[in-house]
Amino acid sequence: MADVAMTATFLAVIGGASLLAVTARRLRPSDRLPSLEGWALADRSLGPVWTWLLLGGTIFTAYTFTAVPGLAYGNGAPAFFAVPYTVIVCPLAFVLLTRLWEVARRHGYVTAGDFVRGRYGSAPLALVVALTGILATMPYLALQLLGIRAVLTAGGVYPRGVAGDLVMVALFAGLAVATYRHGLRAPAVISALKAVAVFVSLTAVCWLVLRRFGGPGAVFEGAAARLSGTGVEGSALLLAPEQQPAYATLALGSALALLMYPHVLTAGFAADGPRTVRKVAVALPAWTALLALFGFLGVAALASGVRAPEGGAEAAVPMLVDRLMPGPLAGLVFGAITVGALVPAAVMSIAAATGFVRNVYVEYFQPTATPKRQVRIAKMVSLTAKVGAVAFVFGLRDQDAINLQLLGGVWILQIFPAVAVGLFTGRLHPRALLAGWGVGMVTGTFLVVREGFSSIVLLGGGSLEIYAGLLALFLNLTVAVLGTTVLERLGVPRGADATDLPSRLTVRRRPETGASNS
């Protein structure tokens, strides 16, 4: 039976999140008429602190906080690709997200599909961008539930059988109601509790670990000794030379893909200005440090002799917490990770619903839909997405969700040319971009499935390992560039550009003042 104090603390954290969600309407309330921009983007009114909390809480999910230490527990050094990957995201967000925010605000765009529609004048290209985002988001949403269940099961808080399923449904029911009523403001408010709970609990766990082992050196030495005895190829705390290409390409490809996810763009679009986005991009490494500490706890679990169930390495850190920490602090950790799933899950459902309404429903079914009707449809789709995620978790194996999420990372990367490259040049032809997207999707899916749902593939006769998504993106861009050249020579017209962005890459020069320093 779970410790009473631990359960009480866990319920207190969850109860606090529920109370905060109820007060979400007080977060910069709007007197405007109902609109999709108001419900999905909080009227683009979030300042630097709220945007940092929301964007960090959205990017760093509960699954991330369990999968990274689980990978460190089972494989050692390769798990830490997530640290440089999330560092690379920061300058990318500083440049790409800021520029995309400016264009979206000027033209009233709410989704990446809206931008693509305006940039290239192509409804089919906008449709595939929106559908790719939804397709990649849904398994990611389901993984938040899996993260909650893995943590609570390892901590003994999750009841077995129907009772446990009811706990999961109750958690998401409260989230669904808050999101339905208040839109993005609900996860924005909850993200404040997530940040406080995660930072405080993680600091306490790391302090206890270092106190027990006598320092980080002893932790790594103990983990290295255990990894060397596992007999698992590639299990070490230092990367072997042959692992480095896979490590580097996985970090780079994951960083490029992350900013294409609808939930990340939705959180970024909610900022009140480009200056806020830049400030947040500079401050995001604080969340990366948090992720690195979670990875360290995976190493500590290995060093302390934690025995996670076979195929369940993500339970290693919860088991370590249950072993080392007193009941109240353990309950705080489990509550923090659970709340850590609620924020991204809410934003993901909002983003998927918004993409469907703007780029599918309004574009193809109801072009005259009023803003009020668009909000109503988005609320229903968001609710359906959450119900679908719950049904997915209860109806399919955990590995199915993980496999689909691996594919989702490869898929979402294939819209990078249309969205990110399109911010700087409109030279690529929309039909060529469609062809490149198709080649990238087929190639990436084939490579991942062929390798047994591993995103790392072998090239050069089996001597070079790289990230499948990056290889598919290279082929995607190649087809897009060559296709554009062919279509231009054939004189195939392209759609009108409504974004006021330059059609070619330009280099900004300093204006000549005519004055001399002499």
Side-chain angles (χ1 to χ4, degrees), residues 60 63-87 147 150-151 153-156 198 201-251 254 288-326 329-330 333-334 337 398-399 402 452 454-456 458 463 465:
F60 295 87
Y63 179 72
T64 302
F65 289 153
T66 55
V68 169
L71 190 58
Y73 173 85
N75 296 90
F80 287 89
F81 85 92
V83 177
Y85 139 46
T86 50
V87 170
V151 169
T153 300
V198 172
S201 60
L202 184 60
T203 301
V205 177
C206 289
W207 180 78
L208 286 173
V209 166
L210 294 176
R211 182 182 178 186
R212 172 172 177 173
F213 284 91
V219 174
F220 283 99
E221 288 175 4
R226 290 188 176 274
L227 276 175
S228 63
T230 61
V232 178
E233 184 178 355
S235 295
L237 294 181
L238 292 176
L239 286 175
E242 60 272 15
Q243 293 177 302
Q244 293 173 7
Y247 185 91
T249 55
L250 185 57
S254 299
T288 299
L290 197 72
L291 182 62
L293 289 177
F294 267 104
F296 170 74
L297 289 183
V299 177
L302 186 66
S304 65
V306 167
R307 293 187 178 276
E310 186 176 353
E314 67 277 0
V317 168
M319 292 173 70
L320 175 70
V321 169
D322 193 39
R323 174 182 296 187
L324 291 183
M325 302 188 75
L329 283 179
V333 175
F334 297 145
I337 296 178
D398 293 1
Q399 191 60 44
I402 295 171
S454 169
S455 58
I456 302 299
L458 295 172
S463 60
E465 293 182 325

V219 and F213: CA distance, side-chain angles, deciding distance, side chain to side chain contact (heavy atoms under 4.5 Å, CB included) verdict: CA-CA 6 Å; V219 174; F213 284 91; 3.7 Å; yes
Heavy-atom pair of closest approach, residues [X] and [Y]:
X	Y	answer
Y247	A77	CE1-O, 3.8 Å
L239	Q244	O-NE2, 4.2 Å
L238	Q243	O-OE1, 4.1 Å
A72	F80	CB-CE1, 4.2 Å
E465	L458	CG-CD2, 3.1 Å
A223	A303	N-CB, 3.6 Å

Stepwise side chain to side chain contact (heavy atoms under 4.5 Å, CB included) check, T288 with F60: CA-CA 8 Å; T288 299; F60 295 87; 3.8 Å; yes
Going through the distances and angles, do L297 and V321 end up as a side chain to side chain contact (heavy atoms under 4.5 Å, CB included)? CA-CA 9 Å; L297 289 183; V321 169; 5.5 Å; no
Candidate list V299, L320, V209, test side chain to side chain contact (heavy atoms under 4.5 Å, CB included), partner S304, passing option: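 Only one of V299, L320, V209 forms a side chain to side chain contact (heavy atoms under 4.5 Å, CB included) with S304, namely L320.
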Would you call L250 and Y85 a side-chain contact if the rule is heavy atoms closer than 4.5 Å?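 They are not in contact (no side-chain heavy atoms under 4.5 Å apart), so the answer is no.
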Rounded at 0.5 Å granularity, tell me how far CG in L293 sits from CG in L202.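 Those atoms lie 5.0 Å apart.
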For the backbone of V198 and the side chain of S201, can you confirm whether one donor and one acceptor N or O come within less than 3.5 Å of each other?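 Yes: the side chain of S201 pairs with the backbone of V198.
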Hey, mind stepping through F296 and L210 against side chain to side chain contact (heavy atoms under 4.5 Å, CB included) and telling me if it holds? CA-CA 11 Å; F296 170 74; L210 294 176; 3.8 Å; yes
